[in-house]
Protein chains: 2
Amino acid sequence: MDNRQRLLDCALDLFSRYGYDAVSVREVVEYAGVTKPTLYHYFDSKRGLLDALLKREAGRLLTEVLVAARYQGDLVATLESIARAYFAFAQAHPACYRMQLGMYFSAPESEANQAIRPFTNQQREILEGVFIQAAEDQGNLRTRHARYAAGLLGTINAMIGLHFNDGLVLGEEPIYLTVHQFMYGIFS
Amino acid sequence: MDNRQRLLDCALDLFSRYGYDAVSVREVVEYAGVTKPTLYHYFDSKRGLLDALLKREAGRLLTEVLVAARYQGDLVATLESIARAYFAFAQAHPACYRMQLGMYFSAPESEANQAIRPFTNQQREILEGVFIQAAEDQGNLRTRHARYAAGLLGTINAMIGLHFNDGLVLGEEPIYLTVHQFMYGIFS
DNA sequence: TCCATACTATACCGACCGGTATATTTTGTC
DNA sequence: GACAAAATATACCGGTCGGTATAGTATGGA
């Protein structure tokens, strides 16, 4: 009965499958079983719908990553915690993660990319913060936190891609392998 | 004077900046200084324009990666050669690589994703082939070639992302660091 | 019971979409 | 220079786009 939530659910499903630009507001409201004025009652525009959707969906991921990324002196354990959070989220909410991934890599001047940028920036800061804090304990990785954060997230997303496309189950083993390869290399 | 090439150039520029779906054929032809029938003389449709563009642009990347990925008994050297090829291409043709990256991560039922899938599949086969061949020499990494190929490409793309967004210069040092971290871990 | 507010539907807007029928110009060949 | 073919322009098509003016209905408080 909550048409606002229903509209967000339907928008998520359609955006994740076809992309924000390729989906019209007509398709969203028909899929949701309502009419356009209902959508425009809750959201000012198509872009407003997207912003509200990201606030709900990307916000969830962000808080889970934020919790998982609290550094407690053990870099390996922290990175495993982060990988676990990403993998769990991607498995629990595949459409949501697909959409965010697609928007992250979408064209830099597209609405979708601009809408998701605040959220990806926060993710980036969280991950870099882990390596900056770890650098206080272990030397060596100073000034490289940006590369490490980007590299880790790139590897995590690569594994999530294998999960989406090839059905790789993202249990404890991939978490262990991902982090240990990152820390100790391919032969670890 | 070659309007066909000019149309492809303009389409690449616009697609890479705004995304395939957000760019209209009107915008392409106006940017190119021609009219629509000229575009439809060379390409059957907007999708045909995209296919021709990918054949030209993604084909270039593919052949360069194919050459770089010839395994010659030294896995580290081969991976460095691959990273060098990707980095060089991304730096020499940023709009082209941006567009391909965006389409690779675009929604699975979008035209853009379907159009680029053959090319990404070939890249994947090339990279997996390297690890499969290397597995004949070194044990250990058998049956994990898919994860290694995905992980390596994920890391490479992460570095290219830092190049695009933060101006990281992709010279020999990032090549060395990327591959050695992949092979031997973060402290190598 | 009255009223304000939140919500939803019908019907419509101008602009733009991808694509084309037709006509004209350029170009290479003999 | 005649002529066919390739290339380009004008003008237009039906359909869909994001968005809205207007009106009606449901709902909860006084």
Rounded off to whole Å, could you give me the [atom1]-to-[atom2] distance for the [X] and [N] pair?
{"X": "B:R26", "N": "D:dA9", "atom1": "CZ", "atom2": "C1'", "result": "14 Å"}
{"X": "B:Y18", "N": "C:dC17", "atom1": "OH", "atom2": "P", "result": "14 Å"}
{"X": "A:L39", "N": "C:dA9", "atom1": "CG", "atom2": "C1'", "result": "14 Å"}
{"X": "B:L14", "N": "C:dC17", "atom1": "CG", "atom2": "P", "result": "12 Å"}
{"X": "B:R4", "N": "D:dT8", "atom1": "CZ", "atom2": "C1'", "result": "16 Å"}
{"X": "A:E30", "N": "C:dT10", "atom1": "CD", "atom2": "P", "result": "12 Å"}
{"X": "A:D21", "N": "D:dT16", "atom1": "CG", "atom2": "C1'", "result": "15 Å"}

**Option passing side chain to side chain contact (heavy atoms under 4.5 Å, CB included) with A:L49 (candidates A:V25, A:L8, A:D44)** = A:L8

Report the nucleotide, chosen from [options], that has the shortest atom-to-atom distance to any side-chain atom of [X].
{"X": "B:P37", "options": "C:dA21, C:dA9, C:dG18", "result": "C:dA21"}
{"X": "B:K36", "options": "C:dG19, C:dA9, D:dC17", "result": "C:dG19"}
{"X": "B:V34", "options": "D:dA9, C:dT10, C:dC17", "result": "D:dA9"}

**Request:** Would you mind classifying the nucleic acid contact of A:V29 as base, sugar-phosphate or nothing, using non-hydrogen atoms under 4.0 angstrom?
**Result:** nothing

**Asked** Base, sugar-phosphate, or nothing for B:V28, non-hydrogen atoms under 4.0 angstrom?
**Response** nothing

**Request:** Kindly state which residues belonging to residues 43-55 of chain A come within less than 4.0 angstrom of DNA chain D, counting heavy atoms of the residue only, listed by number.
**Result:** A:S45, A:K46

**Message:** Between A:R56 and A:D9 (salt bridge meaning N to carboxylate O under 4.0 Å), is one present in this structure?
**Reply:** yes

**Asked** Below 4.0 angstrom, N of the basic side chain to O of the carboxylate: do B:R124 and B:E128 qualify?
**Response** yes

**Prompt:** Using 30° and 60° as the class limits, which term best fits the ring planes of A:F131 and A:Y148: parallel, tilted or perpendicular?
**Reply:** tilted

**Message:** In terms of relative ring orientation, are A:Y86 and A:Y97 parallel, tilted or perpendicular, with 30° and 60° separating the classes?
**Reply:** perpendicular

**Request:** Taking the six-membered ring for Trp and the single ring otherwise, decide whether the centroids of A:H180 and A:Y184 are under 6.0 Å apart.
**Result:** yes

**Request:** Taking the six-membered ring for Trp and the single ring otherwise, decide whether the centroids of A:H93 and A:F89 are under 6.0 Å apart.
**Result:** yes

Kindly say if [X] contacts the phosphate of [N], meaning a side-chain N or O under 4.0 Å from OP1 or OP2.
{"X": "B:N3", "N": "D:dA7", "result": "no"}
{"X": "A:Y40", "N": "D:dT20", "result": "no"}
{"X": "B:S24", "N": "C:dC17", "result": "yes"}
{"X": "A:H41", "N": "C:dT8", "result": "no"}
{"X": "B:Y42", "N": "D:dT8", "result": "yes"}
{"X": "B:T38", "N": "D:dA7", "result": "no"}

**Asked** Does B:K46 make a cation-pi contact with B:Y40 (under 6.0 Å, within 45 degrees of the axis)?
**Response** no

